[in-house]
> 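Shown below is the structure under consideration.
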Amino acid sequence: MAKVKSARVSPAARPVSSARPANPFETALEQFDRAADLLGLDPGMREVLRRPKRQLIVSVPTKMDDGSIRVFEGYRVQHNIARGPAKGGIRYHPQVTLDEVKALASWMTWKCAVVNIPFGGGKGGVICDPKRMSQDELERMTRRFTSEISIIIGHDRDIPAPDVYTNPQVMAWMMDTISMTKGYSTLGVVTGKPIAVGGSAGRNEATARGCVATIVEACRKRGIDPKHASAAVQGFGNAGSICARLLWEMGLKVIAVSDTGGGIYNAAGLPIDQVIAAKEKTGSVRGFAGKAEKIAGDAVLEVAADVLVPAALEGVLTAENAPRVKAKIIAEAANGPTTPEADDLFHKKGILVVPDILANAGGVTVSYFEWVQDLYAFFWDTDFVYEHLQKTMERGFREVFGAAQQWKTTMRTGAMTLAVGRVAEATRIRGLFP
Ligand code: NAD
């Protein structure tokens, strides 16, 4: 059982364990506790907000192409719905765990509150290796998984979206599976869909575009001219590759990128359009045949770039490698890439960390726009979406920066105080908490 902490402990006085947290949910709770300490949150409210509201574990029997049956394990967690329906992606990955999904669901609660959109937090995942599955196998598994979690998802209660190794096609299968049982098209049940079936203009680039907006704001605060800055990006999927491209298009030198195949580096800058083409053709950035040195995937985190964008998985910046990180700004496109110990080291080193719950909130922001468009059956053009995304991200950055100054703390804890304060207020007003 989660321990109730005393109401007010100075974050500086809180002992931080030197070992890497055993799992992302511990990281999430540590981040929550730091904000709760500052806010002097009531112990009862802490207990409410620390715990996921619902956790569903499902078995997903799937017929494979060779006729055999495999049973995958899947999860859907709703962390909090005080401010609106749960919202959050579905991850397909061999290392998915329930604790990882709980952490990601809680980060969604705080993220939606930080950018002030009317959603709570949810997340889902299936333990599988989509790289070793055919499209037909993926479709059958997705449809069965959707059917299993259909008892808790819906446009008015919990709205999934893509995450690692899921994409608009997977969302289309999910939407279709729910629609089949209803007998009509339920567009608003998932977001991140293809445009042809109720997707939003601009959703594909939303996470990266939002992240870049926060990088520009962070550069301003640090007196860095983005046009003369350099960047490194770890992870080259939806968030990472588009972020790298947008930074490169803005004139930043992107000097290192990586994916599961490893990293590439060129101090003079990489032509990101060609790296994207190489990744499409060969499956990895390592397939880039132009001028670049091959480096280990993890080494990308330590190159001498002004801006570091972790855009892969959680727990990659730790007490072990944090001392070697040279960036002046870290913008967390990924969820949970930094452990609390690494966070403390970055703070001491004066590195400005734009936390995940702000840096990658562009994705859920445009998911919110998609949901609104689906419910209204009235669709916006790309410029309108980007204009509102930009405003949301700039306001988010301003408010988080202000909260960090007000509490004399990091951007992460500033963001968390803002988010936890908003969710606690909603919980209190609704009367879910006496
Ligand atoms: P994706 O599946 O499109 O891409 C993941 C990428 O990470 C791939 O290029 C993969 O090769 C790479 N990768 C995995 N392990 C790696 C490692 N150890 N080193 C280097 N690269 C590695 O996933 P995505 O949607 O881009 O998500 C990436 C991160 O961004 C996740 O943390 C996700 O939760 C977060 N995020 C995504 C969105 C979104 O809209 N897609 C929104 C918010 C947050």
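The model shown is predicted, which means the values in this text are computed figures rather than measured ones. Ligands are counted one by one from 1 in listed order, and the atoms in each one are counted from 1 as well.
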> Specify the protein heavy atom at minimum distance from atom 18 (N) of ligand 1: its residue, its atom name, and the distance to 0.1 Å.
Gln234 NE2, 4.3 Å
> When you measure from atom 27 (O) of ligand 1 to each heavy atom in Asn360, Thr191, Asp356, Val164, which option holds the nearest one?
Val164
> Any nitrogen or oxygen of Gly363 lying under 3.5 Å from a nitrogen or oxygen in ligand 1? Just yes or no.
no
> With heavy atoms only and a cut-off of under 4.0 Å, state how Ser241 meets ligand 1: side chain, backbone, both or neither.
neither
> Counting neighbours of NZ on Lys281 that are heavy atoms of other residues, nucleotides or ligands and sit closer than 6.0 Å, is the number greater than 12?
no
> Hey, looking at atom 32 (O) of ligand 1, which of Ala206, Ser367, Ala312 has the closest heavy atom?
Ala312
> Any idea which part of Glu332 is under 4.0 Å from ligand 1, heavy-atom wise: side chain, backbone, both or neither?
neither
> Go through it in stages, so that I can follow the logic: the residues are Leu389 and Arg209, the test is side chain to side chain contact (heavy atoms under 4.5 Å, CB included), and I'd like the CA-CA distance, side-chain angles, deciding distance and then a yes or no.
CA-CA 8 Å; Leu389 169 63; Arg209 217 162 251 281; 3.9 Å; yes
> Nearest protein heavy atom to atom 33 (C) of ligand 1, by residue and atom, and its distance?
Asp163 OD1, 3.3 Å
> Rounded to the nearest 0.5 Å, what separation is found between the OG1 atom of Thr166 and the OH atom of Tyr92?
7.0 Å
> Tell me whether the NZ or CZ atom of Lys279 lies within the 45° cone about the ring axis of Phe236 and under 6.0 Å from its centre.
no
> Do the side chain of Thr142 and the main chain of Leu138 share a donor and acceptor less than 3.5 angstrom apart?
yes
> Are any of the N/O atoms in Asn335 less than 3.5 Å from those in ligand 1?
yes
> Does the distance from a Lys or Arg side-chain N to an Asp or Glu carboxylate O, for Arg46 and Asp37, drop under 4.0 Å?
yes
> Taking the six-membered ring of Tyr265 as reference, does the cationic atom of Lys294 (NZ for Lys, CZ for Arg) lie under 6.0 Å from its centre and within 45° of its axis?
no
> Among protein heavy atoms, which sits nearest to atom 42 (C) of ligand 1, and what does the distance come to when rounded to 0.1 Å?
Thr207 OG1, 3.2 Å
> Determine, considering heavy atoms only, which of Leu104, Thr260, Asn238 sits nearest to atom 16 (C) of ligand 1.
Thr260
> Which of the numbered atoms in ligand 1 are below 4.0 angstrom from a heavy atom of Arg203?
40 (O)
> Can you tell me how far CD of Glu137 sits from CD of Gln135, rounded to the nearest 0.5 angstrom?
10.5 Å
> Are the side chains of Pro323 and Leu345 in contact, using a 4.5 Å heavy-atom criterion?
yes
> Measure the distances from the heavy atoms of Arg91 to every atom of ligand 1 and state whether one is below 4.0 angstrom.
yes
> Tell me which protein heavy atom sits closest to atom 2 (O) of ligand 1, plus the residue, atom name and distance to 0.1 Å.
Tyr165 N, 2.8 Å
> Below a 4.0 angstrom heavy-atom separation, can you tell me which part of Glu205, side chain or backbone, both or neither, approaches ligand 1?
neither
> So which protein heavy atom does atom 4 (O) of ligand 1 come closest to, and at what separation?
Gly237 CA, 3.2 Å
> Could you give the distance from CG (Asp356) to CH2 (Trp107), rounded to the nearest 0.5 Å?
6.0 Å
> Would you kindly specify which portion of Asp259 sits under 4.0 Å from ligand 1, judged on non-hydrogen atoms: side chain, backbone, both or neither?
both
> Under 30°, 30 to 60°, or over 60°: which ring-plane class applies to His388 and Phe384, parallel, tilted or perpendicular?
tilted
> Which of the listed options, Gly362, Ala359, Ala333, Ala239, holds the heavy atom that is closest to atom 24 (P) of ligand 1?
Ala239
> To the nearest 0.1 Å, how far is atom 28 (C) of ligand 1 from its closest protein heavy atom, and which atom is that?
Ala311 O, 3.4 Å
> In the protein, which heavy atom is nearest to atom 12 (C) of ligand 1, and how far is it?
Gly235 CA, 3.9 Å
> How are the rings of Phe119 and Trp371 set to each other: parallel, tilted or perpendicular (split at 30° and 60°)?
perpendicular
